Enquirer: 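Starting off with a structure, shown below.
Nothing here was measured: the structure is a model prediction, and the numbers come from that model.
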Amino acid sequence: MTITDTPTTATPTTATPTAATAGNTYSVVGLVLSIVSIPVGMAPLAIAGIVLGFLGRTKEPSAVTTANWAIVVGLFSLFGWMLFAVLGIVLFAPFALGAWAISGF
């Protein structure tokens, strides 16, 4: 009785590269900064959100919508707070100037 060995062929295994996930860091951070700048009222946060939104639009093609929202919300916050400041000055300057004129500073 003979024992026959069947040759086994080794199948080559190749590692399948995983697709790199498209990052959306600039867009998300820009949107978060833009949203945070609304209640806080800090213009540098809104400006940083707008800049990061534009960076996200150019560098992250998968996150264009998030980047657009970062830009829109940042501009809304920036111009809203500027309008609020101008209205505050216009409405309360007469009282401040009136007190200054009456007290004789």
Enquirer: Please report the closest heavy-atom contact between A46 and G74, naming both atoms and the distance.
Expert: CB-O, 3.7 Å

Enquirer: Should V36 and F76 be counted in the same cluster of Ile, Leu, Val, Met, Phe, Trp and Tyr side chains packed under 4.5 Å apart?
Expert: no

Enquirer: Short question: side chain of S34, backbone of G30 - any donor-acceptor pair under 3.5 Å?
Expert: yes

Enquirer: Please tell me whether F54 and L78 are part of a single hydrophobic cluster in this structure, the criterion being side-chain heavy atoms less than 4.5 Å apart.
Expert: yes

Enquirer: By the side chain to side chain donor-acceptor pair (under 3.5 Å) test, which pairs, at least two apart or in different chains, include something from residues 50-61?
Expert: S27-E60, R57-N68

Enquirer: When hydrophobic residues are tied together by side-chain contacts of less than 4.5 Å, even through go-betweens, does W69 share a cluster with I35?
Expert: yes

Enquirer: Shared ILVMFWY cluster between V29 and V40, side chains joined below 4.5 angstrom?
Expert: yes

Enquirer: Can you get from I50 to M82 by hopping between Ile, Leu, Val, Met, Phe, Trp and Tyr side chains that sit under 4.5 Å apart?
Expert: yes

Enquirer: Is there side-chain contact between L55 and L52, with heavy atoms separated by less than 4.5 Å?
Expert: yes

Enquirer: Can you name the closest pair of heavy atoms from V73 and I38 and give their distance?
Expert: CG1-CD1, 3.8 Å

Enquirer: Is there a side-chain contact between N24 and T66 in this structure, where contact means two heavy atoms from C-beta onward sitting under 4.5 Å apart?
Expert: no

Enquirer: What heavy-atom pair brings A67 and G53 nearest, and what distance separates the two atoms?
Expert: CB-O, 3.2 Å

Enquirer: Return the CZ to OG distance between F84 and S77, rounded to the nearest 0.5 Å.
Expert: 12.5 Å

